[in-house]
Amino acid sequence: MFFLITGGARSGKSTLAVNIGRSHLGKVIFIATAPNLDDDMSERIKRHQLERPEWETIEEECEILSHLKRGKSGDLLIVDCITLWVSNLLFHGKTEKEIIDAAIEIGQVARTSPCAFVMVTNEVGMGIHPETDLGREYRDLLGKVNQILVKESTKALFVISGRVMNLQNFSDIDDFTFQQGISS
């Protein structure tokens, strides 16, 4: 089982991931990707740590793949979040191709692993058009990474204002639209 949770900032994505973790009967491993760069991030990290039960937590900004591969049957691995992981990789000089290749591998591991996954990511393509080249590059790259992971996921959820919507595959929408057109 691989859940991908997306949505805007402060929409309730992390809360949903933690709630899924709390309902899991087996071992939960939490992989946190937030870099501790300043006082604000330090406070956010502390707040998130207090919100989580006493799970094993791995603080890893970039090299999450090896941690994902160690999950066993019955385990749940929560990654919070892909958004910061992509940002961290860009900051450390990784190319778009390297990041896309890593996302493909992460998606394949999550889809074929004996353990369950919940990954959190932001939908950044619905906001203001970034003014800088780097901002546009990041938005576009994260959009590609999100599409890769959603395609590999068992279930994709969109969180907005604390509410959850199921996301459907293009093929499901096409079939639905086609069927509706025939019966109308």
Side-chain angles (χ1 to χ4, degrees), residues 1-24 26-38 40-62 64-65 67-68 71 75-91 99 102-104 106-107 109-111 113 115-128 130 135 138-169:
M1 185 65 108
F2 170 22
F3 281 11
L4 185 94
I5 302 171
T6 190
R10 310 302 307 152
S11 62
K13 301 177 307 293
S14 295
T15 300
L16 177 58
V18 168
N19 287 341
I20 291 169
R22 284 188 173 135
S23 69
H24 184 70
K27 180 178 181 179
V28 177
I29 301 169
F30 195 95
I31 301 170
T33 62
N36 194 349
L37 300 174
D38 56 30
D40 178 57
M41 282 304 291
S42 180
E43 287 302 313
R44 287 173 183 260
I45 290 168
K46 286 177 189 173
R47 186 182 71 240
H48 279 289
Q49 288 170 337
L50 292 173
E51 292 169 355
R52 294 190 293 261
E54 296 297 319
W55 297 327
E56 176 183 350
T57 298
I58 299 165
E59 304 282 346
E60 179 54 64
E61 296 176 20
C62 295
I64 64 174
L65 190 57
H67 299 293
L68 299 180
D75 292 352
L76 171 64
L77 279 73
I78 299 174
V79 178
D80 194 358
C81 75
I82 296 298
T83 313
L84 289 172
W85 174 73
V86 169
S87 174
N88 297 338
L89 292 175
L90 279 174
F91 179 77
I99 295 169
I104 290 169
I106 285 169
V109 165
R111 182 175 41 82
S113 175
C115 67
F117 288 90
V118 172
M119 294 188 197
V120 176
T121 189
N122 282 45
E123 172 52 62
V124 297
M126 297 173 73
I128 297 170
Y138 173 70
R139 178 212 47 208
D140 295 348
L141 177 56
L142 182 60
K144 291 174 186 177
V145 167
N146 286 347
Q147 288 183 50
I148 289 165
L149 295 176
V150 164
K151 183 178 177 188
E152 296 293 340
S153 70
T154 309
K155 182 175 274 302
L157 304 171
F158 181 75
V159 181
I160 183 166
S161 301
R163 300 289 184 173
V164 180
M165 298 182 335
N166 286 316
L167 299 179
Q168 294 179 299
N169 292 320

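Remember, it's a predicted structure, so these values are computed and weren't measured experimentally.
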Listed once per pair and sorted, the salt bridge (charged side-chain N to carboxylate O under 4.0 Å, His left out) pairs that draw on residues 115-127, sequence neighbours left out: none
message: Is the shortest side-chain heavy-atom distance between Met119 and Ile106 below 4.5 Å?
response: yes
Partners meeting side-chain hydrogen bond (donor to acceptor under 3.5 Å, both in side chains) with Lys46 (sequence neighbours left out): none
Non-neighbouring partners of Asp38 that pass salt bridge (charged side-chain N to carboxylate O under 4.0 Å, His left out), sequence neighbours left out: none
Which residues share a salt bridge (charged side-chain N to carboxylate O under 4.0 Å, His left out) with Arg139, sequence neighbours left out: none
- prompt: Taking only residues two or more places apart in sequence, or in another chain, which ones meet Ser14 in a side-chain hydrogen bond (donor to acceptor under 3.5 Å, both in side chains)?
  reply: Asp80
statement: For Lys27, the side-chain hydrogen bond (donor to acceptor under 3.5 Å, both in side chains) test, sequence neighbours excluded, returns Glu56
task: With sequence neighbours excluded, tell me which residues meet side chain to side chain contact (heavy atoms under 4.5 Å, CB included) with Ala102.
output: Trp85
statement: Sequence neighbours excluded, the answer for side chain to side chain contact (heavy atoms under 4.5 Å, CB included) partners of Asp140 is none
message: Just to verify, what does Arg111 make a salt bridge (charged side-chain N to carboxylate O under 4.0 Å, His left out) with, not counting sequence neighbours?
response: Glu152
task: Could you list the residues that satisfy side chain to side chain contact (heavy atoms under 4.5 Å, CB included) with His67, not counting sequence neighbours?
output: Ile31, Ile58, Glu60, Arg70
query: Would you find a donor on one side and an acceptor on the other, under 3.5 Å apart, between the side chain of Ser161 and the backbone of Arg163?
result: no
query: Within a radius of less than 6.0 Å around CD1 of Ile128, do more than 12 heavy atoms belonging to other residues, nucleotides or ligands occur?
result: no
task: Mind checking side-chain hydrogen bond (donor to acceptor under 3.5 Å, both in side chains) for Thr121 and listing every partner two or more places apart, or none if nothing turns up?
output: Thr83, Asn146
- request: Tell me, please, which residues at least two apart from Arg47 pass salt bridge (charged side-chain N to carboxylate O under 4.0 Å, His left out).
  value: Glu51
